[in-house]
Structures are given as structure tokens and as C-alpha cells.
Amino acid sequence: MPLSRREIRTRATKFAKQWAGASDEEADAKTFWYEFFHIFGIRSRTVGSYEVHVRKLDDALGKIDYFWPGMVLIEHKSRGKDLKKAAIQAVDYLHGVKEHEKPRYIIVSDFARFVLYDLESGVETELLLEDLPQRIELFDFIAGYEVRPLREQDPVNIRAAEYMGELHDELKASGYGGKELEVYLVRLLFILFADDTGIFEQDAFYNFIVDQTREDGTDTGPQLARIFQLLNTPEEKRQKNLDERLKDFKYINGKLFADPLPIADWNGSMRVTLLECAGLNWSRISPAIFGALFQSAMDAKARRNLGAHYTSEQNILKLIKPLFLDELWDEFDKVKGSKPKLDQFHKKLSELRFLDPACGCGNFLVITYRELRELEIAVITAQLKGQQVVDVDKLVLLNVDRFYGIEIEEFPAQIAQVAMWLMDHQMNQRISAAFGEYMVRIPLRASATVACANALTTDWQGLLEDSEVAGIPGRTRNDVRYDYILGNPPFIGSKLMTPEMRTDLLRIFPGVRGAGTLDFVCGWYGLAAQYMWAHGDKQTRSAFVSTNSITQGEQVGALWGPLLAKGIKIHFAHRTFRWNNEARGVAAVHCVIVGFADFDVDKKRLFSYADERGEPNEQVVRNINPYLVEGPDVVIGSRSKPLCAVPEIGIGNKPIDGGNYLFTDEEKAGFIKIEPGSKKYFRRWLGSAEFINGWQRWCLWLGDTPPSELRSMPEVLKRIEAVKQVRLASKSAPTQKLASTPTRFHVENMPKEAYLIIPEVSSERRPFIPIGFEDPKTLASNLVKILPNATRYHFGMLSSTMHNAWMRSVCGRLKSDYRYSKDIVYNNYPWPEQPTAAQQATVETAAQGVLDARAQFPTASLADLYDPLTMPPALVKAHQALDKAVDKCYRPQAFANDAKRVEFLFELYEKYVAGLLAGVKKKK
């Protein structure tokens with residue numbers, strides 16, 4: 001156990017006085033450093049060695065004065081010698097040190113001076129012997145007080161996971177597998193962490209494996225089993241003649257080592273892997289991300305891309321800060337000047353309960369616990385007001401037993417519980433460093449509750465009852481409550497769910513129209529809302545990371561309609577951002593974060609991203625609707641007819657031909673060469689890709705061809721027969737029926753006049769969905785929407801920023817691309833209420849200006865023209881004029897930005913829908 005800071009400073013003062021008066025004859029380096037380590041209560045020979053021989057870079061033999069593997073290398077010189085040269089000499093020795101034993105620190109000294117080099121941070125610090133008592137904190141790493149900053153991308157996290165993965169493979173190959181292997185590895189994980197963080201004596205486990213097991217590994221399994229047994233045995237119940245080297249392994253409890261495991265058979269290779277793993281500095285491991293890395297390392301394929309398999313701390317903080325953390329820090333700032341209020345706030349912190357119902361390896365719970373403990377340190381500091389700490393254990397009120405998780409797989413559930421213990425220990429080290437009194441919670445008496453269960457079929461309240469109600473007289477189910485429900489449920493789209501998943505999901509949304517379109521994550525939203533409604537005390541808040549599809553298209557009505565109807569309000573939201581993931585070969589995920597509760601708040605926080613990979617801009621708004629824009633709580637449902645008096649939109653032609661009627665330029669030329677009579681039946685064919693990119697494709701349209709002409713073209717008949725067979729082979733009865741008319745399309749939509757064409761899918765990068773007029777001789781495919789009888793006014797309105805802002809807010813997405821729909825986007829669009837004839841004429845003139853600007857670049861495709869990097873200035877200017885004309889149709893004042901446009905449109909939509917409902921009631 002580390003000494004208190006007072007004792008260390010007292011010893012340092014005595015040391016400095018003693019050695020300041022020592023003569024050159026009395027100045028022995030070994031004695032100097034033996035007594036230096038004694039300042040911290042450390043026996044130098046138990047953690048390191050004097051006069052360690054190594055090979056230098058030039059292959060010459062060198063001698064390190066003192067070496068503590070993985071921690072510090074010391075080079076000592078006579079009084080007055082050049083310490084710069086001593087440092088260069090020390091660095092040269094590193095070449096001969098094994099990779100896993102390389103130290104973080106180098107100290108050089110000449111009795112009167114010290115220079116400390118932190119090889120990790122690059123900081124160099126020099127001090128005199130007489131200043132040692134005042135600056136003794138520089139050597140906290142020797143005392144065991146230092147808490148190292150943990151970096152997500154620290155290579156030690158990756159290396160540790162890789163070594164554990166290799167150990168997993170070797171044990172599994174030996175025949176040790178299943179649940180026993182998972183528990184075995186979780187126990188090793190805890191031991192390795194304990195070996196470097198003060199739970200055990202430094203390197204007790206590493207040294208035990210080196211000294212007490214054979215190199216061929218044959219006795220490693222029994223020796224590990226012995227350690228497991230010891231860690232589950234209180235000191236007072238251990239045998240009195242226990243080997244001294246085993247006494248360093250303290251009683252752990254927490255049921256981690258309770259269940260007996262089969263003894264594993266090891267070999268020399270497995271033992272080497274274990275030593276490589278134990279040789280790493282586990283004090284630098286981050287419990288927040290290592291759990292996920294550890295789980296992934298068990299899969300050889302996933303191991304090749306380990307960086308992909310954890311949720312970054314940055315993304316977790318995006319959720320927990322607006323959900324509760326910012327508010328708690330604000331409250332602390334208000335009460336820190338009052339001791340009674342501060343004590344009450346501290347008690348409140350310790351009583352908060354958190355549930356992650358899809359916790360995986362526990363990263364959300366771990367980071368949440370860490371951040372609350374950091375806040376507690378600030379609270380305790382304010383409570384003490386400079387007073388001396390007597391018993392730090394009694395000052396700390398927060399513990400892991402207020403944290404709950406549900407995870408469907410057993411292995412990550414076990415990792416999550418251990419990760420919480422590891423983080424608790426790291427925060428206890430942080431407390432020790434902050435207040436100079438050692439704190440450790442061993443044996444483990446409190447633990448997080450992590451249930452291995454299906455979160456969508458489990459009673460969430462039951463976890464609380466089991467841990468905080470059962471066995472407590474007078475306490476009932478209704479006396480305890482989760483304060484916050486949070487997490488990152490699975491990203492599984494509606495079409496990718498298993499039948500069992502779909503059954504679980506639909507059970508949560510009985511009778512809800514459109515529930516079949518919901519993504520799997522919606523189940524967690526539904527259950528969190530049901531939990532709030534069941535308790536009705538307006539206490540619980542929730543937030544989840546989700547794919548952005550739950551705030552787009554059809555899913556909005558199915559998910560948010562029922563929730564809003566029963567009082568759910570969105571408190572904060574992060575609009576679409578790209579999931580932080582730097583791993584190569586892993587598809588980007590576009591996410592949102594939504595925080596909600598069954599009560600309202602005055603100020604709501606909306607985070608938007610100009611760059612989906614960048615930092616958000618925060619805006620305080622009056623209301624956030626389910627599309628994550630400021631505006632009233634409206635849900636845009638599927639509508640079969642336009643909301644306003646405008647032409648109806650439809651899809652293009654759908655052949656269901658197996659590609660037999662579609663041709664490229666080359667294919668068309670080749671076909672006409674062998675069947676000349678077919679030339680007049682070819683018509684230009686446009687889908688989204690062809691329309692936007694200017695690609696040429698052709699369709700052999702035979703629907704109106706007389707039978708006699710068809711029979712005169714044998715190659716055409718072959719195509720017709722091929723289409724017939726494609727349709728007959730379909731599993732769809734309607735498609736099979738179409739085989740009787742193989743020259744006709746499944747859907748035929750061929751306007752007689754020029755029509756507007758709107759791509760169904762368009763890149764998110766474009767400021768506008770490119771639309772345009774098309775000749776009636778051209779056939780549009782079912783991958784575009786077409787608007788017959790459209791005028792330049794309609795073209796102008798649909799090409800405007802106003803309409804595109806609406807589209808971006810309510811449309812569905814294909815990956816990140818916009819998906820333009822008839823029933824959601826177009827039919828619900830609120831056109832201007834009563835534009836004057838002059839206003840409409842101005843829009844038509846501006847719309848023609850856009851068409852004219854395009855025509856200036858006849859060789860450019862729409863993709864070229866609407867790429868934000870290559871959009872011609874003339875076209876930009878034409879769209880600006882169009883936007884000005886369209887905005888005037890809605891109101892005289894200009895709109896500051898797209899957010900204001902969308903807010904206005906939602907209010908107008910609400911007005912139109914209210915008018916329709918009033919009309920229906922009046923008719924009745």
C-alpha cells in the first residue's frame with residue numbers, strides 16, 4: 001500500500017538533508033538509490049536490479065546502474081559530471097532492452113542534481129537535491145500514485161488485445177473452449193491489470209510465471225488454477241505455510257474467481273504468449289475501450305481490424321454530456337460555495353442509477369462512471385477547502401453498484417462487469433493521487449449488475465428489484481428507479497432482421513401502422529418510453545445512438561407518432577454525423593443521437609454538423625421534432641395524393657424483363673446490325689444514374705408493335721421469349737401472370753407531352769437534387785419520379801433551396817444519399833398558400849434562368865453541373881435568383897438559413913393538415 005503524501009515528504013526531507021552533507025568518500029550510488037526508493041516505501045531490489053548488462057547499439061556491452069523493467073532506467077554519475085552525456089548513455093542502453101520491458105522514465109543524477117525524462121510525453125525536468133521535498137510529486141510513478149493519461153489509440157491497447165487473442169486461439173486449439181475459456185480469459189484480464197496497478201505488488205504475477213513455472217509450460221495450467229483459488233480465498237482462511245511468493249495475490253471476491261474451472265493444459269509457446277502479454281504495461285490499458293477490443297480479438301478475422309470494434313470516447317461523451325453530465329457540472333458550480341448544499345449534491349450523485357440495455361462490453365457505463373467520479377473529486381475538493389485528508393475511503397460515496405446493463409451475449413456481459421471494476425480501481429488511483437491517501441477497494445464488495453439476457457424481452461425494472469429491493473424490509477418495486485437509460489443498441493436495418501428479432505420488435509409496437517418498416521434499434525426507444533410511462537414520476541431520461549434512418553422517411557411516423565402522442569419530448573439531438581472509425585475497409589455509419597423523456601424542458605439543445613466528420617455547432621431551440629429540426633412536433637405520414645393543388649407525381653416504367661429489353665450504345669448497334677427492322681423501336685431510356693451522369697441507354701419498346709412485324713424479327717422474338725421465361729420463373733404470382741403479355745411492362749407511364757424527371761436517389765453532396773424536363777419520346781425508368789403536365793413554375797419550386805431543405809429533412813436515405821419519395825416528400829410538401837400571379841411569373845422567369853445557365857455547358861452532365869466543387873458561377877447565380885423568387889412566394893421576409901426555412905415549412909404543413917381535418921369534420 002503506498003505511503004501517504006505527508007510521510008513521503010517527511011522522508012524526502014530527511015533524505016535531502018542526509019545526502020547534502022555526505023562527503024565524496026561517503027557517496028555510494030547503490031546506497032543513494034536504495035534510500036531514495038525507501039522514501040516511497042519501495043524496496044529497490046524487489047522491483048528492479050542494479051548493474052544490469054545490456055547490448056548497446058554498437059553491439060558493445062553496457063551496464064545500467066539501476067533498471068526497473070517497464071518503469072525506470074537510472075544512470076548515476078559522480079558529483080559534477082555532465083548529466084547530458086549520462087542521458088545519452090542511458091538512451092543508448094534502451095537498444096538492448098526487450099520491447100515489453102522498455103521504461104517510460106529515465107533518471108540521471110550526480111547526487112546533487114536529478115534530471116527526469118518522461119519518454120512518453122517528452123518532458124524533461126531538472127531539480128536540485130535540496131528541492132526534492134517540495135517537488136517529490138514528480139516521482140509519483142514510483143509511489144504508485146500516478147494515473148497515466150489513457151489514449152484511445154494507444155498501441156498498448158491494440159497489442160494487449162492481440163496477445164489475448166493469440167492466447168485464446170492457442171487455448172482453443174488445445175481443446176479448452178466454450179464458456180470455460182471465456183471465463184478463463186476474463187480472469188487473466190483482471191490479473192494482468194492488477195499486476196501493474198497496485199492491486200498486487202508490482203509484477204507479482206509476471207515474476208511468478210517466470211520463476212515458478214517450467215519453460216515447457218507443462219505446469220502453467222495447475223499454477224494458474226492455484227492462483228485463481230487463492231484469489232477466491234480470504235487471507236484468514238488460507239493455509240499458514242503458504243509460499244511467500246503467493247502472499248502477494250490478495251483476496252479479490254466479487255465472485256470473479258468463485259466458480260471452479262477445468263485446469264488448462266499449457267505448452268511452452270502458450271507460456272511465452274502469456275509472458276509477452278504480462279510484460280506489457282497494463283496501467284496504460286483503457287477499460288473503456290479494451291473490453292470491445294478484447295471481445296473482437298477472440299475472432300481471428302475481426303482481429304485484423306481491431307480499431308474498428310469500439311465506440312470512441314468522443315462519441316460516448318456526445319451522448320452523456322447533454323443527457324446529464326453538463327447539467328450536473330452546472331449544478332455543482334451553483335452549490336460549491338455552500339457546504340450543506342454541496343453535501344446534498346454529493347449524496348444525489350451517489351444515488352443516481354444508470355441502465356445501458358444494450359451494453360456490450362460496457363463502454364457507455366464505464367465512461368459514465370469515470371466522468372461521475374471526476375465530478376466527485378471536484379466535489380470532495382470543494383468540501384475539504386484545503387483541509388487535510390484523514391480517511392479518503394469515507395469521502396468517496398460513488399460506487400459501481402448503481403450501474404446496470406443488459407447484454408444478450410455472455411462473454412461481453414462478463415467483460416462489462418470486469419471493466420467496471422477496472423475503471424473503479426483506476427479512479428481510486430486518481431483519488432489517491434489527488435488527496436495523497438491510498439485508496440483501494442479490495443476485496444471487491446460492490447459490483448455492477450450486468451444481466452445476460454435479451455433486452456427486448458427482459459423486465460428492465462427486474463434488475464433493480466433483484467439488487468436493491470429483494471431482502472430490504474419496507475422497500476417495494478416502486479421505490480427505485482433508473483434515472484438515466486442510455487446506450488448504443490444494435491444497428492440492424494428492418495430488412496436485415498431475423499424472424500426472432502422482428503417478433504420481439506413488433507411485440508413492442510402492437511397495432512402500430514408501419515411497424516414493419518422499423519429498424520431494430522426502435523425497440524429500445526419503445527421500451528424506454530414504456531418504462532417512463534409505467535412509473536409516471538417524470539424522473540427518467542433516456543438517450544440512444546442510432547442510425548439516422550429512425551429520423552427519416554416512413555420510420556418517423558411508425559416510431560415517433562405513438563411516442564409523441566403519449567407525451568414523449570425530445571430534449572436534445574445530434575443530427576447526422578459520421579461514426580468515428582478510422583479503420584480501413586469498414587463502411588461508414590451515419591448516426592444520430594436522440595435524448596428524450598416523458599416531460600418537457602424549456603431549453604432544448606440541437607447539434608448540427610456542417611461536416612459530418614467534424615465538430616458540431618450547438619443551437620438552443622424551443623422545440624426539436626422527430627426529424628431533428630426546430631419546429632412543431634409533427635409526423636409526416638405517407639400520403640397518396642398531394643397536400644396541395646399540384647400535378648400528381650408517379651414512377652417511371654418498370655419492365656421486369658431481366659434486362660432483355662435494355663441496351664448500351666454498343667449493344668444497340670450490334671443488335672440493329674443483325675436485326676435491322678428493330679431500329680425504329682428503340683427509345684432512349686433514363687434512370688437516376690443515366691439522367692444525372694449523362695449516360696446513354698436504350699430500351700426496345702415493343703408494346704405497340706403489330707404481331708406481323710414482331711414475327712418478321714427473329715432476334716426480337718428471342719428477346720420476347722427470354723422475358724416470358726424470366727417472368728414465369730418468378731416466385732411472385734402477379735409477375736407470373738405478366739408472362740402472358742411479354743411485350744408489355746409491369747408499370748407503363750409514358751406521357752404524351754414533355755414532363756419533369758426527378759431522380760429517386762441523389763448524392764448528399766449536391767446542394768440540389770438535379771431535375772429537368774424530358775422529351776416524351778424518352779422512356780423514364782422506375783428509378784426516377786416523373787411529373788406530367790408540369791410547368792416552369794413547378795420546376796422552379798421543386799428546384800429551389802426551399803424544397804430541397806424540406807426534402808433533406810423528411811426523406812429517407814439510401815446509405816447517406818437522398819431518396820426522393822412520392823408519398824412522403826412530394827405529396828406532403830407545403831406549397832405557397834396564395835402566391836400572386838406576379839410572384840408565380842417571377843418564379844417561372846428565374847426557373848428559365850436556371851435552364852439557360854445549364855444550357856451554357858452542353859458537354860457537362862448534371863453531375864458535373866451540381867458538384868459543389870465544379871458548379872459554374874452562372875448556375876449558382878441563377879439558383880440564388882430562383883431562391884429569392886420562391887422565398888417571396890412564402891413570405892416577404894428573407895429566410896436566414898435552411899433551418900428557418902424548414903421551421904416555417906413544418907408550421908405551414910401543420911396549418912394545412914389542421915385545415916384538412918377541419919374540413920373533414922365539417923362534412924361529417
Query raised in the report: Would you say the side chain of Arg507 lies within less than 4.5 Å of the side chain of Thr457, judging by non-hydrogen atoms?
Result: yes

Requested in this report: Indicate, with yes or no, if the rings of Tyr525 and Trp560 have centres closer together than 6.0 Å.
Outcome: yes

Query raised in the report: Is a salt bridge present between Asp424 and Arg441, judged by a nitrogen-to-oxygen distance below 4.0 Å?
Result: yes

**Report entry** Close side-chain approach of Gln426 and Pro287, heavy atoms under 4.5 Å
**Finding:** yes

Report task. Would you check if Phe491 and Asp519 make a side-chain contact, meaning some heavy-atom pair closer than 4.5 Å? Result -> no

Query raised in the report: Would Arg370 and Glu374 pass as an ion pair if we require N to O under 4.0 Å?
Result: no

Query raised in the report: Looking only at atom types and distance, does a side-chain atom of Arg187 sit under 3.5 Å from a main-chain N or O of Leu256, one as donor and one as acceptor?
Result: yes

Query raised in the report: For the ring pair His346 and Phe332, is the centre-to-centre distance below 6.0 Å?
Result: no

Query raised in the report: Do the side chain of Tyr531 and the main chain of Tyr482 share a donor and acceptor less than 3.5 angstrom apart?
Result: yes

**Report entry** Arg481/Glu351 salt bridge by N-O under 4.0 Å criterion
**Finding:** no

Query raised in the report: Considering only heavy atoms from C-beta outward, does the side chain of Val366 approach that of Leu422 to under 4.5 Å?
Result: no

Query raised in the report: Do any pairs count as a side-chain hydrogen bond (donor to acceptor under 3.5 Å, both in side chains) and have a residue in residues 445-454, sequence neighbours left out, and if so which ones?
Result: Asn454-Asp504

Query - Stepwise side chain to side chain contact (heavy atoms under 4.5 Å, CB included) test for Leu189 and Trp282 - result: CA-CA 10 Å; Leu189 166 64; Trp282 285 75; 3.6 Å; yes

**Report entry** Phe257 and Phe190 aromatic ring geometry - parallel, tilted or perpendicular at 30°/60° bounds
**Finding:** perpendicular

Requested in this report: Could you give me the CA-CA distance, side-chain angles and deciding distance for Ile408 and Cys452, then say whether side chain to side chain contact (heavy atoms under 4.5 Å, CB included) is met?
Outcome: CA-CA 5 Å; Ile408 198 166; Cys452 179; over 6 Å; no

Query raised in the report: Would you say Asp483's side chain and Arg353's backbone share a donor-acceptor pair under 3.5 angstrom?
Result: yes

Which donor-acceptor pairs under 3.5 Å do side chains of residues 604-611 form with protein atoms, sequence neighbours excluded?
residue, atom, partner, partner atom, Å
Lys604, NZ, Asp600, OD1, 2.7
Lys604, NZ, Val601, O, 2.8
Lys604, NZ, Arg622, O, 3.1
Arg605, NE, Glu618, OE2, 2.6
Arg605, NH1, Asp326, OD2, 3.0
Arg605, NH2, Asp326, OD2, 3.1
Arg605, NH2, Glu618, OE1, 3.3
Arg605, NH2, Glu618, OE2, 3.3
Tyr609, OH, Lys318, NZ, 3.3
Tyr609, OH, His574, ND1, 2.8
Asp611, OD1, Arg613, N, 3.0

**Report entry** Minimum heavy-atom distance Ile568-Ala529, with the two atoms named
**Finding:** CD1-CB, 3.9 Å

Query raised in the report: Is Glu407 reaching over with its side chain to a backbone N or O of Gly360, donor-acceptor style, under 3.5 angstrom?
Result: yes

Report task. Could you check Asn232 against Lys255 for side-chain hydrogen bond (donor to acceptor under 3.5 Å, both in side chains), going step by step and ending with a plain yes or no? Result -> CA-CA 8 Å; Asn232 193 50; Lys255 299 182 180 179; over 6 Å; no

Report task. Specify the closest pair of heavy atoms between Ala358 and Pro489, including all atoms of both residues, with the distance to one decimal. Result -> CB-CA, 3.7 Å

Query - Presence of salt bridge, Asp330 and Lys334, under 4.0 angstrom - result: no

Query - Pairwise side-chain contact, Tyr369 with Leu365, heavy-atom cut-off 4.5 Å (strictly under) - result: no

Query raised in the report: Charged N to carboxylate O under 4.0 angstrom, Glu331 versus Lys348?
Result: yes

Query raised in the report: Are Val545 and Leu319 side-chain neighbours, meaning at least one heavy-atom pair lies under 4.5 Å?
Result: yes

Query raised in the report: Is there a side-chain contact between Tyr251 and Ile442 (heavy atoms, below 4.5 Å)?
Result: no

Report summary line: From the list Val594, Val592, Ile624, Val629, side chain to side chain contact (heavy atoms under 4.5 Å, CB included) partner of Arg575 resolves to Val629

Query raised in the report: Hey, are the side chains of Trp524 and Ile508 touching, using non-hydrogen atoms and a 4.5 Å cut-off?
Result: no

Query raised in the report: Is the backbone N or O of Asn548 less than 3.5 Å from a side-chain atom of Thr551, with the two atoms forming a donor-acceptor pair by type?
Result: yes

Query raised in the report: Aromatic rings Phe544 and Phe596: how do their planes relate, parallel, tilted or perpendicular, breaks at 30° and 60°?
Result: tilted

Query - Criterion side chain to side chain contact (heavy atoms under 4.5 Å, CB included) on Leu559 and Val512, from CA distance to verdict - result: CA-CA 9 Å; Leu559 171 61; Val512 173; over 6 Å; no

Query raised in the report: Is it true that Arg373 and Glu376 make a salt bridge, defined as a side-chain N closer than 4.0 Å to a carboxylate O?
Result: yes

Query raised in the report: Between the side chain of Trp460 and the main-chain N/O of Ala455, is any donor-acceptor distance below 3.5 Å?
Result: yes

Query raised in the report: How far apart are the closest heavy atoms of Val635 and Pro626, and which atoms are they?
Result: CG2-CG, 4.4 Å

Requested in this report: Please work out which of the three classes, parallel, tilted or perpendicular, describes the rings of Tyr484 and Phe354, given edges at 30° and 60°.
Outcome: parallel

Query raised in the report: Is there a donor-acceptor pair closer than 3.5 Å between any side-chain N or O of Ser542 and the backbone N or O of Ala528?
Result: no

